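Proteins come first, then strands; the chains are lettered A, B, ... in the order of their sequence lines, and each starts at number 1. Everything numeric in this text was worked out from a predicted model, so none of it was measured. All values below come from the heavy atoms of this structure, side chains included, with hydrogens, waters and symmetry mates left out.
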Amino acid sequence: MKRPRPEPVQVVKQRRDGALRALVSGVPYIQYLGISFDRRGDELTAVLPYRDDLIGNPLLPALHGGATAAFLETTAIIELAWSLLWEEMEEGALDPTTVLPTHLPRLPKTIDFTVDYLRSGLPRDAYARARINRSGRRYASVHVEAWQDNRARLFAQATGHFLMPERDA
Amino acid sequence: MTEAKAKIARQFVEAIPHARALGMRIDDIGEGRCLLSMDYDLRFVGDPATGVIHGGAVFALLDTACGAAVMLHPAAPAGTATLDLRVDYMRPATPGQRILAEAVCYNMTRTVAFIRANARDEDAGRPVATATGAFTIESARGPERAARR
């Protein structure tokens, strides 16, 4: 039995990156904070480029706890939305060209979000990755880790629960 | 509330670049208590389908109100930082409406302040979010803690 020829790599990449870009660019607050997402396969890393107006303590200086929390919550929501999108995209159930900033898949809603501030956020770029610990039909539990210069030295971590968007049966 | 306290609160919030960027304003203060508010802004929308403000913006408002409440405690700490903060999102904030966050520092030890807070929009009877958390207390003696990372 002959396997079908795999798709050219650039076609696959273009499709996945396009879907991710549409998802992220559609949310004004993500654009306002300047958050972007690096993708390696299905793994996402969120990047928060440093900006002076993210500072919460000008004396240290340190990032605002609210900016850090928003960064982590955004990372969790995009990870969840992306995991749904990825599944549908890989199954061929979703045409990624229909993922436009004006026609986004419904986003998960935050039920609760708890942030641990482990050390002060430095005036530098920050990175975060989310891990979905449990994703059911209705609820999901997500853990997020954020670091700056050193991957092993987290400056914040968070855990949250989310209400998943209704899926078309 | 003394004029001095009001000045502390105003300076605390005005000196925070991120609070200024989000347009936060002090509406009322008390002993270990602070009421902050933030205008609805299209840049802060988290769900483009509904126009609802992103949870992160509400979190930032609550966090700032909590920090200000710690600073306004009669024990008068020299500084504070968030140790942890949990926010429960009760309902989406109504698009177009101003959001208010009220924080109370209900207990303070030598080293830790405990706070509770809630956020609401014009429908004051139904909270948008509640928060609970712990904050550090920086003593007036100096920046040794801040310097140590």
(request) Fit a plane to each ring of Phe113(A) and Phe59(B), take the angle between them on a 0 to 90° scale, and name the class: parallel (under 30°), tilted (30 to 60°) or perpendicular (over 60°). (result) perpendicular

(request) Would you please test Thr64(B) and His64(A) for side chain to side chain donor-acceptor pair (under 3.5 Å) and show each step? (result) CA-CA 9 Å; Thr64(B) 310; His64(A) 194 288; 2.9 Å; yes

(request) Heavy-atom distances under 4.5 Å only: say whether Asp52(A) touches chain B with side chain, backbone, both or neither. (result) backbone

(request) Sort Ala57(B) into side chain, backbone, both or neither according to what part of it lies under 4.5 angstrom from a heavy atom of chain A. (result) both

(request) Taking Asp84(B) for its side chain and Ala134(B) for its backbone only, find out whether a donor-acceptor pair lies under 3.5 Å. (result) yes

(message) If the threshold is 4.0 Å, N to carboxylate O, is there a salt bridge linking Arg16(A) and Glu90(A)?
(response) yes

(message) Need one label for Ile77(A): side chain, backbone, both or neither, based on atoms under 4.5 Å from any heavy atom in chain B.
(response) side chain

(request) Could you look at Thr50(B) and say if it's the side chain, the backbone, both or neither that has a heavy atom under 4.5 Å from chain A? (result) side chain

(message) With a strict 4.5 Å heavy-atom criterion, list every residue of residues 36-46 of chain B that contacts chain A, or say none.
(response) Leu42(B), Arg43(B), Phe44(B), Val45(B), Gly46(B)

(request) May I ask you to decide whether Arg126(B) forms a salt bridge with Asp121(B), counting only side-chain N to carboxylate O separations under 4.0 Å? (result) no

(message) If I measure from the heavy atoms of chain B, does Ile111(A) come under 4.5 Å with its side chain, its backbone, both, or neither?
(response) backbone

(message) Could you check whether Glu166(A) pairs with Arg138(A) (Lys NZ or Arg NE/NH1/NH2 to Asp/Glu carboxylate O, under 4.0 Å)?
(response) no

